[in-house]
Amino acid sequence: MERYAIEDLKKWKNSPNRKPLILFGARQVGKTWLVREFATFNYNDYVELNFFTDESLKTIFERNINPEQIIQQLELRFNREIDPEHTLLFFDEIQESQRAMDALKAFNENSCKYNIIAAGSFLGVMIGRRPVGQTDQLTLYPMSFCEFLEAMGRKMLADSIKNRDVTALSGVSELMESLLKQYYYVGGMPEAVNEYVMSGNWEKVREIQNGLITTYKGDFSKHINDPRTEPKIKMLWDSISLHLVKENKKFIYKNVKSGGRAAEFENAMQWLVDTGLVHKIYKVEKPKIPLKMYYKEDYFKLYMLDIGLFCAQAEIRPANILASGTDIVDDMNGALAEQFVCQELKAARVSPLFYWGREGSTAEVDFITQGNDEQNPGEIIPIEVKSAKHTKSQSLKVYIQEYSPKYAVRTSLKNYGIAETKQAGNLYSIPLYLISQLLRLINKSN
């Protein structure tokens with residue numbers, strides 16, 4: 001399988017200011033596979049330390065975190081020379097050893113010539129210090145739609161998306177819609193994608209998805225400090241799909257538990273966010289630069305890390321999505337399309353990401369972000385998500401009338417196009433399968 005994060009790792013390797021790299025990401029998104037694949041084709045050798053499966057490794061770091069002494073002991077332990085330039089050191093499940101995490105800072109300060117990648121599924125909730133300023137950081141998400149296409153043997157389609165060949169893609173819109181719906185069900189968890197590619201068996205894919213959900217629920221009790229938090233995490237996790245199918249997708253604690261309050265669930269919510277299992281998208285009432293200064297902390301929506309897991313959680317069957325004439329995608333108030341867009345924008349590293357809502361009104365635009373056009377830095381882009389080809393949107397119309405944005409985006413199953421509006425600049429129609437190219441499409445047209 002092709003993972004585009006390999007290119008990020010290559011850039012890190014070749015950076016003159018390289019620091020030890022911390023690779024974040026939820027469990028089972030493919031972090032270990034990614035590092036092994038990267039090491040195989042970019043280094044003469046690599047040494048892998050797994051602090052979860054081999055407790056004895058911790059003793060090397062507990063005695064002393066002097067880089068030269070650690071290297072010496074690792075060479076003796078693994079009976080091989082560690083070449084600073086041509087050997088990759090891979091510290092897997094590093095959250096199991098605080099001292100190993102501390103050693104990353106020492107390596108950066110005293111011996112940054114070594115190539116070191118550290119990974120772990122629970123780094124976000126790790127007790128103790130994380131040397132954030134002394135490390136480079138990268139987050140791995142589930143496989144994107146383009147990565148899914150490549151795994152399916154559809155590299156030409158994936159390349160057309162990455163090259164933003166809107167003319168060619170408009171001629172295969174029905175095929176793209178079919179593949180998009182397949183991705184809705186399978187999602188981007190590597191094990192599920194691999195099963196679908198190998199067997200095409202929907203039920204086996206669902207078994208894998210349910211197994212992952214069971215594994216995550218098992219983690220709730222293993223990686224929390226306060227046992228009282230576990231049932232709250234489970235309640236929050238189980239309620240995400242129910243919230244997203246509501247017309248008003250704002251997360252409401254009383255829908256999780258009768259009389260539920262934010263203070264009661266605060267720690268549980270943060271745990272889910274820190275482990276990467278959910279994306280928390282805050283509301284902004286005044287779309288001003290910088291957006292991070294204007295969000296409403298008490299108003300937010302939650303999305304799952306993967307659309308396939310969302311379908312499994314909601315018990316959506318293949319026929320519900322794939323059968324001709326089915327309207328479940330619309331019946332669910334666009335929840336699948338919104339989940340997909342959130343996931344794609346995260347994987348494309350579109351940031352920051354919020355949603356807009358007018359105070360005292362039902363007007364709400366699904367996402368807003370800031371552009372990265374060098375000629376027009378900081379332009380705010382509203383993004384309205386529609387699940388089909390019917391694209392009437394009163395909320396986006398309200399936003400355009402009120403703020404006259406230079407760019408506005410409506411993403412749906414309609415083909416790509418640009419229209420000028422009286423109240424604003426360009427209104428972009430971007431097909432859902434192209435939403436990962438949002439910023440590039442806007443920059444290209446200027």
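Only heavy atoms go into these numbers, but all of them, side chains included; no hydrogens, no water, no symmetry mates. What you are looking at is a predicted structure, and each value in this text was computed from that prediction instead of being measured.
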From [X] atom [atom1] to [Y] atom [atom2], the distance as rounded to the nearest 0.5 Å:
| X | Y | atom1 | atom2 | value |
| --- | --- | --- | --- | --- |
| E344 | L434 | CD | CG | 10.0 Å |
| L89 | Y114 | CG | OH | 8.0 Å |
| Q270 | L272 | CD | CG | 9.5 Å |
| F300 | M269 | CZ | CE | 3.5 Å |
| Y407 | N426 | OH | CG | 8.0 Å |
| L104 | D136 | CG | CG | 11.0 Å |

Do [X] and [Y] touch side chain to side chain, with heavy atoms closer than 4.5 Å?
| X | Y | answer |
| --- | --- | --- |
| I161 | F145 | yes |
| Y141 | R349 | yes |
| Q134 | K19 | no |
| R410 | S429 | no |
| L345 | T369 | no |
| K204 | Y196 | no |
| S144 | Y4 | yes |
| L175 | L157 | yes |

Self-check item: Aromatic ring proximity Y184/F310, centre distance under 6.0 Å
Solution: no

Quiz item: Is the distance between the ring centroids of W356 and F367 less than 6.0 Å?
Solution: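 Not under 6.0 Å, so no.
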
Those residues that, when tested against [X], pass salt bridge (Lys or Arg N to Asp or Glu O under 4.0 Å) (two or more places apart):
| X | answer |
| --- | --- |
| E2 | none |
| R18 | none |
| E266 | none |
| K301 | E338, E364 |

Identify the heavy atoms of [X] and [Y] that sit nearest to each other, and give their distance.
| X | Y | result |
| --- | --- | --- |
| Q370 | P352 | OE1-CG, 3.8 Å |
| I381 | G371 | CD1-CA, 3.8 Å |
| V205 | A192 | CG2-O, 3.9 Å |
| K31 | L140 | N-CD2, 3.6 Å |
| S395 | A363 | OG-CA, 3.5 Å |
| I368 | P382 | CG2-CA, 3.7 Å |

Quiz item: Regarding D306 and Q343, is there a side-chain donor-to-acceptor distance under 3.5 Å anywhere?
Solution: yes

Is a salt bridge present between [X] and [Y], judged by a nitrogen-to-oxygen distance below 4.0 Å?
| X | Y | answer |
| --- | --- | --- |
| E150 | R154 | no |
| K113 | E85 | no |
| E7 | K10 | yes |

Sidechain-backbone polar pair: [X] side chain, [Y] backbone, donor-acceptor under 3.5 Å:
| X | Y | answer |
| --- | --- | --- |
| S15 | K11 | no |
| K257 | K232 | no |
| T411 | I430 | yes |
| N320 | R317 | yes |
| N194 | P190 | no |
| N44 | H86 | no |
| S239 | L236 | yes |
| N163 | D159 | yes |

Practice problem: Fit a plane to each ring of Y253 and F251, take the angle between them on a 0 to 90° scale, and name the class: parallel (under 30°), tilted (30 to 60°) or perpendicular (over 60°). | Solution: perpendicular

Is [X] atom [atom1] crowded by more than 12 heavy atoms from other residues, nucleotides or ligands, each under 6.0 Å away?
| X | atom1 | result |
| --- | --- | --- |
| K397 | NZ | no |
| K13 | NZ | yes |
| K162 | NZ | yes |

Quiz prompt | Trace of the side chain to side chain contact (heavy atoms under 4.5 Å, CB included) decision for V278 with L305 | solution = CA-CA 5 Å; V278 303; L305 80 156; over 6 Å; no

Exercise. Evaluate the ring-ring contact (aromatic ring centres under 6.0 Å, His included) criterion for residues F354 and Y294: first the C-alpha distance (whole Å), next the side-chain angles of each, then the deciding distance (0.1 Å), finally the verdict.
Key: CA-CA 10 Å; F354 298 91; Y294 296 96; over 10 Å; no

Exercise. Go through V193 and M1 one step at a time and tell me if the side chain to side chain contact (heavy atoms under 4.5 Å, CB included) criterion holds.
Key: CA-CA 9 Å; V193 173; M1 289 188 287; 4.2 Å; yes

Under 3.5 Å, side-chain donor or acceptor atoms of residues 209-220 against the rest of the protein: list the pairs with distances, not counting sequence neighbours.
{"residue": "Q209", "atom": "OE1", "partner": "R206", "partner atom": "NE", "Å": "2.9"}
{"residue": "Q209", "atom": "NE2", "partner": "Y185", "partner atom": "O", "Å": "2.9"}
{"residue": "Q209", "atom": "NE2", "partner": "V186", "partner atom": "O", "Å": "3.0"}
{"residue": "N210", "atom": "ND2", "partner": "R206", "partner atom": "O", "Å": "3.4"}
{"residue": "T214", "atom": "OG1", "partner": "N210", "partner atom": "O", "Å": "3.0"}
{"residue": "T215", "atom": "OG1", "partner": "G211", "partner atom": "O", "Å": "2.9"}
{"residue": "Y216", "atom": "OH", "partner": "R27", "partner atom": "O", "Å": "2.6"}
{"residue": "K217", "atom": "NZ", "partner": "D238", "partner atom": "OD1", "Å": "3.2"}
{"residue": "D219", "atom": "OD1", "partner": "R27", "partner atom": "NH2", "Å": "3.0"}
{"residue": "D219", "atom": "OD2", "partner": "R27", "partner atom": "NE", "Å": "2.9"}
{"residue": "D219", "atom": "OD2", "partner": "R27", "partner atom": "NH2", "Å": "3.4"}

Quiz item: Would I117 and W12 satisfy side chain to side chain contact (heavy atoms under 4.5 Å, CB included), going step by step from the backbone distance to the final call?
Solution: CA-CA 10 Å; I117 297 179; W12 166 79; 3.7 Å; yes

Contacts under 3.5 angstrom, residues 279-291 side chains, donor-acceptor by atom type, not counting sequence neighbours:
{"residue": "K280", "atom": "NZ", "partner": "Y282", "partner atom": "OH", "Å": "3.2"}

Quiz item: Between H243 and I252, is a side chain to side chain contact (heavy atoms under 4.5 Å, CB included) present by the stated rule, with each step listed?
Solution: CA-CA 8 Å; H243 274 88; I252 301 174; 4.3 Å; yes

Practice problem: Decide ring-ring contact (aromatic ring centres under 6.0 Å, His included) for F148 and Y183; before the verdict, give the C-alpha distance in whole Å, the side-chain angles of both, and the deciding distance to 0.1 Å. | Solution: CA-CA 7 Å; F148 171 77; Y183 181 78; 5.3 Å; yes

Quiz item: Checking side-chain hydrogen bond (donor to acceptor under 3.5 Å, both in side chains) for the pair D92/T32: CA distance, chi angles, key distance, verdict?
Solution: CA-CA 7 Å; D92 202 8; T32 300; 2.8 Å; yes

